[in-house]
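In what follows, every heavy atom counts, from backbone to side chain, and hydrogens, waters and symmetry copies are set aside. Naming: A, B, ... by sequence-line order, numbering from 1 per chain.
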Amino acid sequence: MHDDHDGAAVIEEGRPIFLQIAELIENDIIDGNLPEESQVPSTTEFAAFYRINPATAAKGVNRLVDDGILYKRRGVGMFVAAGSRATLTSQRKEEFFKEYVKPMTVEAQKLDISPEQLTAMVSRGLAELPDNPAMERSGSA
Amino acid sequence: MNRAVNVARMQLINKWTFLGVPAIVIAGAFAVSWAIWALIPDSVETQMYSGAGQAVMWYFLVLGIQSLTLTFPFSQAMSVSRRNFYFGTVGLFALVALVISGLYVVLGAVEQATNGWGVNGIMFSFPWISDGPWFEAFIVYFMAMVLLFMIGFWAATIYKRWTVTGMVILWISVAAVVLALVALATWTESWPSVGLWFTQQTPLTVSGWAALTCVVLAGGSYLTLRKATP
Amino acid sequence: MSDSNNAVIEVRNLTKRYRSEKALDDVSFSIAANKIYGLLGRNGAGKTTLMSILTAQNFKTSGHVSVFGQSPYENEKVLPRICFIRESQKYPDDFTPQHAFRSASLFFANWDQAFADRLVQDFQLPVKRRIKKLSRGQLSAVGVIIGLASRADITFFDEPYLGLDAVARQLFYDHLIEDYAEFPRTVILSSHLIDEVANLLEHVIVIDQGRILMDDDAEDIRGTAHTVVGPAAKVDQFVARREVLHTERMGSFASVTVSGVLTDAQRDEAMALGLELAPVSLQQLVVRTTMAATESDFGGTDRSAETLEVSK
C-alpha cells in the first residue's frame, strides 16, 4: 500500500493544486493514457497518489466535469467524455501560443533574432524532431 | 455517568496499579512480619504487633497523588470531563477501599482464630480497633483508607492548579492552623480537657471525624479540580 | 471566511492572558465541518494554548468559544466528539501503548481497533513497552494512532511529527489522507513545518504572537505571491503600488516578494521588462507574512521568523 511512489513530486509550489490535478488529467487524455469513455481514478486515489487533500483533488476533477471533459455515472465514477480530446487539444493550442511562442518572441527580440531567422530556427527544430531519442540529445549539444 | 464508570475501567486497565500492587504489598508485608515473628524465640508468650498492614494504606496516598498528576492529564486527552474524572476516580477508590477493608476484617478474624497466625502476631486485629463488633473495625479501616487517599488527591489538585506556590502556601497554612490550635490549648490551659476528649473517642467517633474531614477534602478537591488544567 | 452555517467551532474575541503576557490576543475565526485545517505558526505562537481552550483543557481569559454550537467546558455533548492529544501528552505511570489504546476505545465511540492495530504495525510501535521508556518518535506515534483511530468528529494533531523519521511521517500523512477520504471529519493540524503538510491542507490559519495573521483557503493562497527577480530599477518599477512582503538586494539586482495574483497582462509586462517571476510556496508565504508582521511591530527585521523554515 505504501510503496515509495513519488506522485507528490509532480505537484508544484505556488500554483493552485486543483488546477494542476485538472491539467494532469487533461494531459493523460491528450496523451491517450485516459481514452474517451474510460474511467478516471477516484478522487481518493488521486489524493493518495499525489499526497494532497481529497477535497482539493475533488475540486480539480469537478472542474473538468464543469468543463464537460469528464462526466459522472451515478454509483460508478467519473468517465472521460466523448470528444474531450479534440476539445482539449484545441484549447492547448491557444495556451501553447501564450506559454511558448510569446516568451520565445520576447527572447528572440532580446537577442536581435530577426523574424526570418526565428522562422528558420523553428523549421530547424521541427526538422530535428526526433523519431529516436538519440537525435534529441545531439540536437541540443 | 457512563463515562465516569469508564474512568474507573480506565484506572483498572493496568491491573497492577489498583489490584496487583496492593495485593503484593499486603502479601509481602504479611510474609515479612510473619517471618520476623517466627524468628523471635518465645514468641508465644508475648503478643507482637506489626504495622505492616498499613503499608497498603500509604500506597493509596501515593495513588491519590498519581491519579491526579498523571491520570488526570491523560483523561483530558480522552475528552473526559473533570466531573466524570472525579466521580470515576473517587468512586473506584471507595470501592477498592471497601474490598480491602472487608479483607482486613476477615484476616483479623482469622488472626484471632489462629492465635495470631500460630506465632501470636497481630497485624490486622488491633486492640481498641477490633474490640467492638466487626463492622466497627471495618468502618475504621475504610475511613482511614479513604482519608489517606483524599489527602493525597486533594494535595495533588492543589499542586496541579497552583504548583509549588500552592503547595508551600498549603502546608504553611496547615502548620499555622495546627500551631494556632496548640497555642490556643496552652493559653487557655485546656490540655487536660483535650486529653480527656481524646481518651473519650471510640473507633466509631474517630471514623466520624475522618468522614467529616473526607467530605471537606472531597468538596475542596472537586472545586479545585473544576478549574485545573492538565 | 468559512461558511458559518456548517461551522463546528466559532471563536470570537478570544483572549488568554498568563499574568501580564497575552498568549492569545483578541482572536476570532471559525472552523467549518469536515475540512483539514492547518494551524500554522512559530513555536510559542499560541497554537497549543488555542487548541487547549477549544477542547476545554484550558481556560480563556475573555471572549467567546463555541464547539458544535455550545460551550465545550464540562459539556458531555461536546467533549466525546473531540480528540486532542497534546504534543507533551502525559500518560498514567506504567501505562503501555496498549493500555492507552484500550482507554481510547472506552471513550471514543468511533474507535476502530483494527485500524489502530494496522497503524501499530506500520509505525512498528512496541505496544507492550512502558510509555515512559519510549523514544520521542514512538511517543508521537502513540498520539498519532489515538488521533487517527478515534475518528472523532474534530481531531486535533499537535505537532504530531516530532521525533518521527521521514518514513513514519510519510506514513502518518498517507494514513491521514486515506482515512479522511473514507471518513470525512474535521482535522486541525498544528505545525511549524509547513512544507511537509502544505498539500494536505484545505484551509490555513496562521497565528503569530497570539494573533491571527492569515485565515484563508489553501488553494486561494497558492499563487497569490510571487518573487520578482531582476535589475533593481526595473524590479522597483514593476512592484510599485504592490504589497511588498520581502526585499533582498545584491548590487544592482533585487529580489522582491509581492502579494497578489498576477494577471496575464502583468506577466507580459514582467516578461517585457526582462524580469524573472518565481512562484512562492505556502511556507515561504507564511514566513514572509510572519516576518512582515514582526517588522511592523518592532520597526526592524526579525530574522528569527526564519525558524519556521524546514531547513533550519
Side-chain angles (χ1 to χ4, degrees), chain A residues 1-24 41-63 77-78 91 94-113, chain C residues 32 34-38 118 122 166-168 170-184 187 189 194-204 217-227 257 261-262 264 267-268 270-274 277-285:
Chain A
M1 182 167 65
H2 296 286
D3 52 317
D4 213 4
H5 68 75
D6 222 348
V10 183
I11 304 297
E12 302 166 20
E13 289 285 359
R15 222 151 59 84
I17 292 174
F18 80 96
L19 287 179
Q20 300 185 48
I21 292 298
E23 280 169 22
L24 286 162
S42 70
T43 50
T44 308
E45 286 171 302
F46 277 120
F49 186 76
Y50 293 113
R51 291 183 168 134
I52 56 169
N53 185 294
T56 310
K59 198 175 168 191
V61 171
N62 288 335
R63 183 190 170 89
M78 296 291 181
Q91 267 176 22
E94 193 47 45
E95 280 166 29
F96 174 77
F97 177 76
K98 269 206 305 213
E99 280 177 31
Y100 296 92
V101 180
K102 276 192 87 170
M104 180 177 77
T105 53
V106 171
E107 189 69 14
Q109 200 179 28
K110 252 198 253 177
L111 299 174
D112 290 331
I113 298 172
Chain C
N34 299 340
K35 287 187 181 181
I36 301 181
Y37 280 75
R118 250 182 297 142
D122 280 356
V167 175
Q170 199 57 66
L171 276 168
F172 167 55
Y173 303 138
D174 287 351
H175 277 299
L176 178 63
I177 293 172
E178 276 172 37
D179 203 63
Y180 165 83
E182 202 178 342
F183 301 95
V187 173
L189 190 62
I194 300 164
D195 268 345
E196 276 203 14
V197 297
N199 290 358
L200 308 183
L201 307 175
E202 186 168 352
H203 196 98
V204 172
D217 266 4
E219 289 286 80
D220 292 345
I221 305 173
R222 292 192 176 98
T224 59
H226 297 268
T227 300
T257 305
V261 181
L262 291 180
D264 282 350
R267 284 180 185 279
D268 290 350
M271 208 184 285
L273 287 169
L277 289 175
V280 173
S281 73
L282 195 65
Q283 167 149 306
Q284 288 169 311
L285 186 61

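For the atom pair CD (A:Glu99) and CZ (C:Arg267), the distance works out to 9.0 Å, reported to the nearest 0.5 Å. Taking CD from A:Glu13 and CG from C:Leu282, the interatomic distance works out to 7.5 Å, rounded to the nearest 0.5 Å.
In this structure, no portion of C:Tyr173 lies under 4.5 Å from any heavy atom of chain A. Interface remark: C:Asn34 contributes no atoms to any contact with chain A (heavy atom separation under 4.5 Å). Interface residue A:Ile52: backbone and side-chain heavy atoms are both found under 4.5 Å from chain C. Interface residue C:Asp268: only side-chain heavy atoms are found under 4.5 Å from chain A.
Remark: A:Gln109 CD is loosely packed, at most 12 non-hydrogen atoms of other residues, nucleotides or ligands lying under 6.0 Å away. Within a 6.0 Å radius of CD in A:Glu95, more than 12 heavy atoms belonging to other residues, nucleotides or ligands are found.
Closest approach of A:Ala55 to C:Glu202, counting heavy atoms only: CB-OE1, 3.2 Å. Scanning both residues, C:Leu201 and A:Asn53, for their nearest heavy atoms gives C-ND2, 3.7 Å. Across C:Ala181 and A:Thr44, no two heavy atoms sit closer than the pair CB-CG2, 3.5 Å. Residues C:Asn199 and A:Arg51 come closest through the heavy atom pair CB-O, 3.5 Å.
With hydrogens and angles ignored, the 3.5 Å screen pairs a side-chain donor or acceptor of C:Glu219 with a backbone N or O of A:Phe18.
Between A:Arg15 and C:Pro279 the shortest side-chain heavy-atom distance does not fall below 4.5 Å.
Considering only heavy-atom pairs separated by less than 4.5 Å from chain A, the leading option among C:Gly223, C:Ala198, C:Ser281 is C:Ser281.
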